[in-house]
Asker: 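Quick one: the structure is below, questions incoming.
Since the structure is predicted, the reported quantities are computational estimates derived from the model, not experimental observations. Reminder, nothing fancy here: chain letters follow the sequence lines and each chain counts from 1.
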Amino acid sequence: MSAIASSPATVHYREAFARLQPQLGGTASLRVAAMQRFAELGFPGARDEAWKYTSLRRLESRRFVPAAPTTTSVDVPPAFVAQRLVLANGSAAGPVPAAFGGFTLGTLQTAPEDQLLRTFVGGGTERFAALNAALTIGPLLLSTAAGQRSDDVVQLSLVTTGTGPTLASPRIAVRMAPGSRARLLLDHVDDGAHEHFTNAVLDIELGAGAHLTLYRLQRQGERAFHIERIESRVGENACFVLRDSQLGAALARLDTHVSLDGRAAGTEITGVFLADGSRHLDSHVLVDHRAIETTSLQDYRGIAANKGRGVFNGKAIVHAGAQKSNARQVNRNLLLTPGAEIDTKPDLEIYADDVQCSHGTTTGQLDPEALFYLRSRGLSEPEARSALTRAFAGAVMARVDEPVLARHVHDELDRRLVRLLEGSV
Amino acid sequence: MLSIRDLHAQIGVRKILKGVNLEVKPGEVHAIMGPNGSGKSTLASVLAGRAGYEVTKGTAHYLGDDLLALEPEERARRGVFLAFQYPVEIPGVNNAYLLKAALNAVRKQRGLQELDAFEFLALIKDKMKLMQMDESFLSRGVNEGFSGGEKKRNEILQMAVLEPKLALLDETDSGLDIDALRVVATGVNSLRSPERAIVMITHYQRLLDYIEPDFVHVLSDGRILRTGDKSLALELEKRGYDWVKQEASAA
């Protein structure tokens, strides 16, 4: 390894990687190249446009220990659905079953490495996806057979845990064969015992006519750092749906990149985030329309309160030749208390002439007239504020068509809203 | 029940109420009429506790308590109901939720058990029929996409469900066609009772053909200039508000 970056944090992870490498599976050269890429890019600087509103100074100042393979079992919250697999720091606690709902499971021992340890070019999280590829200990490949359709939701619980501040690098690759259909729930939690750093990667490909719904719940503890990249390539007539609930961690960043590669490929990316306390939640969405008749919808609802800070950056690029495409972006933000902040930036680049694109973004407070209306009917101020805030998130929450998960997110929003509203009035 | 003495209120530096006196007893129906800008809606807003109004002088007592010292929800729970002139659309909060939450808040105050979903549905079914409202309305957002008439009917439905002691109707007749006006009036009349007082604020005499008041007051430039029975409303209809103003300034 040549010495490229001199940042103490980068040096720390390179050294940790060198110590851990004998325990990591896969071809060493792939891992080394990924580590090299991370070292080249290093942590983002203050002038990095992709990190304009999110400082990683705190994260960079910590020295997390990359997780080593372990077999100790961990405590996890109850499952939302019948079929669930628990991954501790990215690797399965026990033997990996061969099948999981409609998916076949593959590991570094059984699946092609180039599918499991890919890096991605571009975006603010390229560095972290590379770091993940270097350090991930139990990457899983979930694949479907052509035409295999399953409506059951299967859950992956990703737990970050350790006896000291730990870096977990979970990585899930999903390969949807043509005409297949699946629903996957991703639940991010941690043990709350230490300040952990979760650096996750989802690498998704949908063949022609395939359909994947990914429910994502990030509910890590108050001290957690969380960075995640969802990379998705969507083939002809295929559709990738993401229902995101970004509720936890002290600092979280999610980059979702969807490339609509085939004719009439589509995506729906909807989510809600709640930046209360002193939470910092940053969501970046980028959709590339690369073929004709492709469609995308981005709809995020952000709520911030107290010293919480939200960032939403949604972008759609309609490339030359992607005629008759339709790109819609909506981002609505609610500031519940003074001092909270949400920075939002809708962005649209169009290089085709026969397209329909729209974007709308709003940031505001609860409507005082609506508040008064509810109070004049006998609802207390916290009740009224909570009802209006739930209504605000409701349009997006209504799309979460997994009832147990939806109930949980509703209750969690309720619980936290009532707590913070009662505290503030 | 409601006793208003020398009430002065303003928005910012603009003085709107300039010494209102009004006594309302249980069982009575009062109509407050007056030209635009006379302070009618301000009076309703101040009594219901809307923010943005400063009471600079005078008092309003409700059942012996200082009404103006209570939070809006506290007034509602003790039996004061304001039917809004412009009911607010609240997408995402459904009518059933609001009705149930409001009813249970009032019941709790009265020392009654909260209603469960079945009891609640049984209770509102009749009231909805009375207001000619379809059951599908319950799952819709509060006033969301309602026509003007539907919004006003919804206000009266809420009132019928909450059974207030003191109902303030702020221009409930505005924007209603004759059929909707009849439905609204039927709803209001069904709530007339010896224990309940109703104060209707209106610009036109028309509403009073359907809901007969015991007293009619003319509010002008922030003061009640004249009080009479329902014949005063008819006289106003014929002679306009200027007549009252002139008489008042002559006196």
Asker: With a 4.5 angstrom heavy-atom cut-off, is it the side chain or the backbone of A:Ala387 that approaches chain B, or both, or neither?
Answerer: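 Both parts, backbone and side chain.
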Asker: Any side-chain donor-acceptor pair under 3.5 Å between A:Gln246 and A:Arg216?
Answerer: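 Present: a donor and an acceptor within the cut-off.
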Asker: Please determine, among B:Arg75, B:Glu155, B:Glu71, the option with the most heavy-atom pairs under 4.5 Å with chain A.
Answerer: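 Top option by heavy-atom pairs under 4.5 Å: B:Glu155.
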Asker: Taking the six-membered ring for Trp, are A:Phe372 and B:Phe84 closer than 6.0 Å centroid to centroid?
Answerer: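 When the ring centroids of A:Phe372 and B:Phe84 are compared, they turn out to be within the sub-6.0 Å range.
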Asker: Hey, can you tell me if B:Phe137 and B:Phe146 have their rings parallel, tilted or perpendicular (30° and 60° cut-offs)?
Answerer: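 It falls in the tilted class, 30° to 60°.
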Asker: With only heavy atoms counted, which part of B:Pro87 is less than 4.5 Å from chain A, the side chain, the backbone, both or neither?
Answerer: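 Both the backbone and the side chain of B:Pro87 come within 4.5 Å of chain A.
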Asker: Is A:Arg390 positioned over the aromatic face of A:Phe392, cation under 6.0 angstrom from the ring centre and no more than 45 degrees off axis?
Answerer: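 No, a cation-pi geometry is absent between A:Arg390 and A:Phe392.
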Asker: Specify which of B:Gly92, B:Ala102, B:Pro72 makes the most heavy-atom pairs with chain A at under 4.5 Å.
Answerer: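 Of the candidates given, the most pairs with chain A belong to B:Pro72.
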Asker: Among A:Ser380, A:Ala384, A:Ala393, A:Gly394, which residue has the highest count of heavy-atom pairs closer than 4.5 Å to chain B?
Answerer: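 That would be A:Ser380.
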Asker: Relative to chain A, which segment of B:Arg50 carries a heavy atom at a distance below 4.5 Å: side chain, backbone, both, or neither?
Answerer: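 Contact with chain A is through both the backbone and side chain of B:Arg50.
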Asker: Consider only side-chain N and O atoms of A:Thr54 and A:Asp282, and report whether a donor and an acceptor are under 3.5 Å apart.
Answerer: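 On atom types as modelled, these side chains qualify, holding a pair under 3.5 Å.
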Asker: Does the side chain of A:Ser325 pick up a donor-acceptor pair with the side chain of A:Thr294 at under 3.5 Å?
Answerer: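 Their side chains do contain a donor-acceptor pair, which is all the 3.5 Å distance test asks for.
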Asker: Counting only non-hydrogen atoms closer than 4.5 Å, does B:Asn143 touch chain A with its backbone (N, CA, C, O), its side chain (CB onward), both, or neither?
Answerer: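 Contact with chain A is through the side chain of B:Asn143 alone.
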